[in-house]
Asker: 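Before anything else, here's the structure in question.
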Amino acid sequence: MRTTIAPMKRRNSLVVAALIAGCAQAYGCVFIQTSTISDKGGPGNPISANASDLGYLHLVAPQGLTQTALANLLSNCATGKVSGVTTELTMRDFLIVQSYNVAVTGTCS
């Protein structure tokens, strides 16, 4: 009788482990890193933009996200004079694939 109980326990453990791994992959882990290029605030209209892309295995990260987000931000300002620029990098981890998003905010004067 012991030979039939051990395989059943092992199978139940594998099912539970697979469910936990599936939940972890579905929700992912989120890491947020922020930096400020200049002081916040100032007169003018607040503007924002973002750019996103995928990376793989933490080895292949997307290139040029910050530049793309900044170009998108400048396109929202008719005068081209932006101050108080703040960037925020958000990375969501799905086991082997990472989703990167750079959000940029500033003030158009």
Asker: Side-chain donor-acceptor contacts of residues 59-70 below 3.5 Å, not counting sequence neighbours, with atom names and distances?
Answerer:
| residue | atom | partner | partner atom | Å |
| --- | --- | --- | --- | --- |
| Q63 | NE2 | A61 | O | 3.3 |
| T68 | OG1 | G64 | O | 2.8 |

Asker: Is T79 reaching over with its side chain to a backbone N or O of S109, donor-acceptor style, under 3.5 angstrom?
Answerer: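 Yes, the answer is positive, given that a donor and an acceptor are paired below the 3.5 Å cut-off.
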Asker: Scan residues 71-104 for pairs that pass disulfide bond (SG atoms under 2.5 Å apart), counting only residues two or more places apart or in two chains.
Answerer: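 Found C77-C108.
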Asker: Apply the test side-chain contact (heavy atoms from CB on, under 4.5 Å) to residues T105 and V85: give CA-CA distance (whole Å), side-chain angles for both, the deciding distance (0.1 Å), then the verdict.
Answerer: CA-CA 6 Å; T105 58; V85 176; over 6 Å; no
Asker: Output all residues satisfying side chain to side chain contact (heavy atoms under 4.5 Å, CB included) with I96, sequence neighbours left out; order by chain, then residue number.
Answerer: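 Only L57 meet the side chain to side chain contact (heavy atoms under 4.5 Å, CB included) criterion with I96.
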Asker: Rounded to the nearest 0.5 Å, what separates atom CG in N101 from atom CZ in R92?
Answerer: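 It is 11.5 Å, given to the nearest 0.5 Å.
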Asker: Applying side chain to side chain contact (heavy atoms under 4.5 Å, CB included), can you list everything that pairs with N45, at least two apart in sequence or on another chain?
Answerer: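 N45 satisfies side chain to side chain contact (heavy atoms under 4.5 Å, CB included) with no other residue.
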Asker: Would you mind telling me which of N50, T87, V82 makes a side-chain contact (heavy atoms from CB on, under 4.5 Å) with L73?
Answerer: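 By the side-chain contact (heavy atoms from CB on, under 4.5 Å) criterion, L73 pairs with just one of N50, T87, V82: V82.
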Asker: Kindly give the heavy-atom pair with the smallest separation between Y100 and L89, and that separation in Å.
Answerer: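 Residues Y100 and L89, closest heavy atoms: CD2-CD1, 4.1 Å.
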Asker: Which atom names give the shortest non-hydrogen contact between N76 and A49, and what distance separates them?
Answerer: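 Between these two residues, the closest heavy atoms are ND2-CB, 4.1 Å.
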